[in-house]
Each structure stands twice: as C-alpha cells, then as structure tokens.
Amino acid sequence: MNSSTFYLLFIEFFSLFVYTDATLETHHLRETLMDPVKQSHVEEYGKAPEIVASAPGRVNLIGEHTDYNEGFVFPMAIDFTVRVAITRRKDTHLRFYSVDYKDRKRATLPTLRFRKEDRWANYPKGIISQFLERGHPLGGMDVTIHGDIPQGAGLSSSAALEVATALAIQDLYGIEIGREELAKLAQKAENEFVGIRSGIMDQFISRLAKEGHAMLLDTRTLAYHYVPLSLKGVKILITNSKVPRVLADAEYSKRREECRLCVELLSPRKPGTALRDYSASDVRDSMGLIPEATRKKCLHVVEENQRVLEAEEALRKKDLLSFGKLMNRSHESLRDLYEVSCPELDWLVKRAWETEGVYGSRLTGAGFGGCTVTLIEEDAIPLYREHIVQYERIFGFRPELYICHPSAGARIVENRVQSA
Ligand code: GLA
C-alpha cells in the first residue's frame with residue numbers, strides 16, 4: 001500500500017467516527033486515486049463517460065430566508081460534491097444510475113415529465129427538460145451520479161446535482177450559456193419541474209463559488225462579489241443534527257406565502273414588490289395592519305438583510321467577534337421570529353455559544369433540522385465536541401461534524417469529447 005492510499009484509507013476510517021476534516025487535499029487525493037463515478041459508469045453501461053462534471057454543496061454563513069424576498073445572502077461552497085458522468089446515446093432514451101442509492105431510473109426525451117417515484121432522478125430530468133424548453137436539441141444519455149454531500153442535511157445536495165448535470169450537458173453539447181444563466185436554469189428546473197419553490201442561493205453559489213472566499217449575493221439584481229475567508233486558526237465547522245427535515249418543504253412554502261402577504265399589505269402604504277423594499281421600521285410600524293404572527297416573520301427578513309451587510313463589513317475588517325455576534329442574532333431571529341428552528345438545533349447552537357473559542361453559531365439553510373454552522377478557533381473544536389457529547393443520548397440522533405474549506409464552484413473534471 002503506498003502512502004497516499006494509506007492516507008486516504010485513514011481519512012475514510014476517521015470519517016466513520018463522526019469527524020471529517022473535509023480538506024481540499026483529501027478530495028484531490030480521492031480524485032487521483034480513484035474516480036468512483038467513472039468506474040461505476042463503466043460497470044453500469046460498459047463504456048467510459050464522455051464527460052464528468054462536479055458541483056459543490058454549500059453552507060450559508062448568514063442571510064437565511066432572504067433570497068426569495070429579493071434580499072442578501074452570504075454563502076460559501078463546501079468541499080463536498082456531486083459528480084455526474086454522461087455518455088451520449090444515438091436514440092432518445094435516458095438512463096440514470098445513482099451509485100449512492102444503487103438505484104436506476106429510465107425516461108425518454110419525448111415523454112419527459114416529473115414522476116414522484118423517480119425521486120432523485122427528477123433533478124437531472126428537470127435540467128434536461130429546461131435545456132429542451134430553451135430549444136437545445138439534446139439526444140438520449142446514459143447518466144451516472146455519485147456524491148459525498150450529506151443527504152437531507154440542508155447542504156444543497158440537490159442544487160449540486162442540478163448544477164453538475166447542467167454543466168455536464170452544457171459542455172457535452174457545446175451550449176453557450178453564462179454561469180449566472182446556468183444557475184437560473186437550474187433553479188427553474190427545481191421550481192418548475194420538481195415543484196420546490198426555492199430561491200436562487202444554492203444553485204448560484206454551487207456554480208459560481210470561488211475557493212477561499214464567501215460570496216455576498218444580491219438576489220434581486222444577481223450582483224455579487226467575493227469576500228476572502230482567510231481565517232488563520234479559525235474554522236467553519238458544520239454540525240449535522242441528523243434531524244429528518246420532514247416539515248421543511250411545507251413550512252418553507254408557508255413562510256413564502258406569509259412574506260408575500262406582508263408585501264401585499266405594506267405596499268398600499270409604501271410601494272414595493274418584495275420584502276427587500278421595506279425596512280425594519282416599516283414592518284415595526286405596521287402593527288394592526290399585518291397579523292402579528294406574519295409581522296414577526298417579516299421582521300426577521302428585513303433585519304436579516306441588514307445583518308448580512310453588517311456581517312460582510314465585519315469580515316472585511318477581520319472583525320470575527322462582530323461577525324460571530326451577527327450569526328448568533330441571526331439564529332435567535334430564526335428561532336423566535338421566523339420560527340424555523342427545532343429543539344435539536346437550538347441545543348447544538350447553545351452548546352456552541354457556551355464554548356470558549358466560538359465566535360458565533362447558528363442554524364444554516366432552511367431549518368427544521370439539518371445543520372448548524374459555527375465559527376470556531378481550531379483549538380476549541382475538541383472542547384465543543386465534549387460539550388455536545390450528550391446530544392445523542394438526549395435526542396437519539398448521532399451528530400456529525402465537518403470542518404469545511406471554502407471551495408470553488410462547479411467544474412468539468414474530464415471531457416473526452418474535446419481531447420479525443
Ligand atoms: C433553502 C433554499 C434556499 C434558501 C434557504 C433559506 O436552502 O433552497 O433558496 O431559501 O433554504 O435561506
């Protein structure tokens with residue numbers, strides 16, 4: 001066994017025990033030693049893929065439930081990815097193979113439609129359908145999917161699958177489409193084909209992320225810029241609560257609806273088309289005009305927008321204390337005003353707040369389970385682990401910790417069409 005194989009096995013072994021230092025090196029090693037998606041593609045279809053694309057998951061540092069209100073978000077890509085391998089066919093058949101689910105699905109181009117029983121395959125099907133809708137003539141394809149983004153954890157494995165599929169198809173068929181436009185296409189596939197009305201954040205960061213940086217994105221104009229995350233001795237630590245996100249989709253739609261109602265009630269007083277157009281005082285002054293439960297939710301959105309801008313400023317000044325405090329306030333607001341937290345996430349966040357060496361901690365993503373994100377001194381990680389040791393006994397879920405490196409956006413891993 002050579003030393004890199006040993007290192008890889010060591011990492012694989014270590015990750016079984018809850019603690020994954022998902023560093024870039026690990027992934028580059030995996031890439032050079034073996035490419036499971038390619039190998040599986042060959043085994044499944046008896047031919048090498050013509051193209052392999054990879055897209056990352058994401059963690060949002062601050063700015064939650066603001067994207068569908070045309071506000072600001074501050075995500076970074078993480079070093080967990082989904083890979084999609086494709087070979088073109090001469091007919092109109094589509095075959096999908098998921099290495100992780102050991103599951104196969106079929107479809108054809110002329111009869112492409114959402115089918116509940118196709119579960120994970122609806123995402124690549126949605127992407128194909130978007131390309132067709134835009135008038136790009138695609139042929140049949142054999143598709144293999146493999147990823148290491150924790151499933152159902154709110155780290156955007158579905159957006160990564162959409163983006164990786166879209167990038168692979170774009171490159172394979174030589175379709176001219178900008179990176180922003182590709183993110184929009186992927187969001188549209190999720191909204192219209194899969195039927196989940198998510199915002200643009202996940203697809204956008206998965207496509208456009210820059211290594212070593214977080215991204216401040218204005219979801220109204222899609223103007224964005226990168227902010228360096230050079231955090232000496234400080235880590236972005238994700239804690240996966242493992243709480244199944246059963247309520248997430250229904251509650252997400254309800255929150256969207258409440259935000260829409262709020263705008264409808266506020267706009268006769270002050271013109272606006274989204275909560276982005278309103279300030280905290282507009283919402284505070286609307287007592288009696290908007291039902292109290294809805295008003296609380298809107299207050300979260302408008303204040304969260306402000307927090308994102310302040311957090312960016314703090315990070316630019318390398319003021320991690322202020323950045324961390326804003327993360328904490330964001331969590332309180334998601335818990336008390338927007339009401340998307342749960343006892344498990346609150347417990348994990350509280351233990352983090354009590355740990356010396358933690359700057360800030362909050363739930364990340366849509367909520368109702370999923371993950372927390374914590375800004376923490378590297379040396380304090382063992383102490384935090386001790387603080388959460390009772391979690392499994394109390395809640396019955398075994399948490400996982402991932403130290404994440406701000407990673408690059410989607411890329412082509414291999415294109416045999418061009419090099420042939
Ligand atoms: C999910 C959605 C995003 C965003 C977040 C909440 O991840 O996909 O668009 O709305 O929830 O901030």
Side-chain angles (χ1 to χ4, degrees), residues 55-78 80 82 122-123 126 149-163 183-209 214-220 222 224 238 240-241 243 245-260 274-276 297-298 300-305 307-308 311 326-327 330-331 333-335 337-342 345 362-373:
R58 65 96 189 91
V59 62
N60 190 17
L61 299 176
I62 193 161
E64 222 63 83
H65 291 279
T66 46
D67 63 352
Y68 52 85
N69 291 298
E70 300 186 15
F72 301 101
V73 290
F74 201 41
M76 64 172 224
I78 55 177
F80 288 113
V82 172
N122 283 310
Y123 296 98
I149 306 177
Q151 299 286 305
L155 298 175
S156 289
S157 55
S158 43
L161 171 54
E162 291 154 4
V163 169
K184 284 203 255 175
L185 179 149
Q187 184 204 9
K188 210 155 171 253
E190 177 148 340
N191 291 173
E192 293 177 8
F193 193 91
V194 183
I196 298 174
R197 293 177 61 218
S198 53
I200 185 73
M201 167 169 69
D202 305 346
Q203 292 81 5
F204 204 88
I205 189 71
S206 183
R207 179 67 192 95
L208 284 99
M215 173 195 277
L216 184 95
L217 170 65
D218 177 342
T219 62
R220 168 167 274 175
L222 294 190
Y224 63 92
I238 295 176
N240 185 350
S241 72
V243 176
R245 301 180 56 236
V246 271
L247 284 174
D249 288 351
E251 291 294 329
Y252 189 89
S253 301
K254 268 201 219 161
R255 297 296 180 283
R256 276 196 82 133
E257 187 45 33
E258 284 190 277
C259 293
R260 195 202 53 76
L275 275 178
R276 162 67 176 278
K297 309 247 167 36
C298 299
H300 161 76
V301 175
V302 293
E303 289 182 342
E304 183 80 350
N305 271 332
R307 275 191 287 270
V308 177
L326 289 160
M327 290 174 81
S330 166
H331 182 80
S333 176
L334 289 159
R335 181 191 65 197
L337 298 179
Y338 215 62
E339 300 182 72
V340 291
S341 191
C342 61
L345 291 173
R362 57 183 286 276
L363 76 83
T364 184
F368 298 103
C371 293
T372 66
V373 58

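Heavy atoms only: backbone and side chains are in, while hydrogens, waters and symmetry mates are out. Residues take their numbers from the sequence shown, with the count starting at 1. Bear in mind the structure is a predicted one, so any value in this text is a computation, not a measurement. Each ligand, and each atom within it, is numbered from 1 in the order the structure gives.
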Self-check item: Gly199, any N or O under 3.5 Å of ligand 1 N or O
Solution: yes
Quiz item: Should Gln203 be listed as contacting ligand 1, given a heavy-atom distance under 4.0 Å as the test?
Solution: no
Quiz item: In terms of residue, atom name and distance, what is the protein heavy atom nearest to atom 5 (C) of ligand 1?
Solution: Met201 CE, 3.9 Å
Exercise. For Asp202, take its heavy atoms, then give the atoms of ligand 1 lying under 4.0 Å from any of them.
Key: 1 (C), 2 (C), 3 (C), 7 (O), 8 (O)
Quiz item: Is the shortest distance from a Lys or Arg side-chain nitrogen in Arg255 or Glu251 to a carboxylate oxygen in the other one below 4.0 Å?
Solution: yes
Quiz item: Under 4.0 Å from any heavy atom of Tyr68, which atoms of ligand 1 are there?
Solution: 10 (O)
Quiz item: Using a distance-only test with no angle check, is there a side-chain donor-acceptor pair under 3.5 angstrom linking Ser330 and Arg362?
Solution: yes
Practice problem: Can you sort out which atoms of ligand 1 are near Glu64, meaning under 4.0 Å from one of its heavy atoms? | Solution: 6 (C), 12 (O)
Quiz prompt | Point-to-point distance, once rounded to the nearest 0.5 Å, from CG of Leu61 to CG of Leu326 | solution = 12.0 Å
Quiz item: Roughly how far, to the nearest 0.5 Å, is the CD atom of Glu64 from the CG atom of Leu334?
Solution: 6.0 Å
Quiz item: Of Asp218, Thr66, Thr219, which meets side chain to side chain donor-acceptor pair (under 3.5 Å) against Arg276?
Solution: Asp218
Quiz item: Judging by distance only, is a nitrogen or oxygen of Asn60 under 3.5 angstrom from one on ligand 1?
Solution: no
Exercise. Describe, in one word, how the ring planes of His65 and Tyr338 are oriented to each other, choosing from parallel (under 30°), tilted (30 to 60°) and perpendicular (over 60°).
Key: tilted
Quiz prompt | Distance (rounded to the nearest 0.5 Å) between Asp67 CG and Asp202 CG | solution = 7.0 Å
Quiz item: Counting each atom of ligand 1 from 1 as listed, which ones have a heavy atom of Arg58 under 4.0 Å away?
Solution: 7 (O)
Practice problem: Would you mind telling me if ligand 1 is within reach of the side chain of Glu190, the backbone, both or neither, using heavy atoms under 4.0 Å? | Solution: neither
Quiz item: How are the rings of Tyr224 and Phe204 set relative to one another: parallel (under 30°), tilted (30 to 60°) or perpendicular (over 60°)?
Solution: perpendicular
Quiz item: Counting both backbone and side chain atoms, is some N or O of Tyr252 under 3.5 Å from an N or O of ligand 1?
Solution: yes
Quiz prompt | Ligand-side contact atoms (ligand 1) for residue partner Asp67, heavy atom cut-off under 4.0 Å | solution = 3 (C), 4 (C), 9 (O), 10 (O)
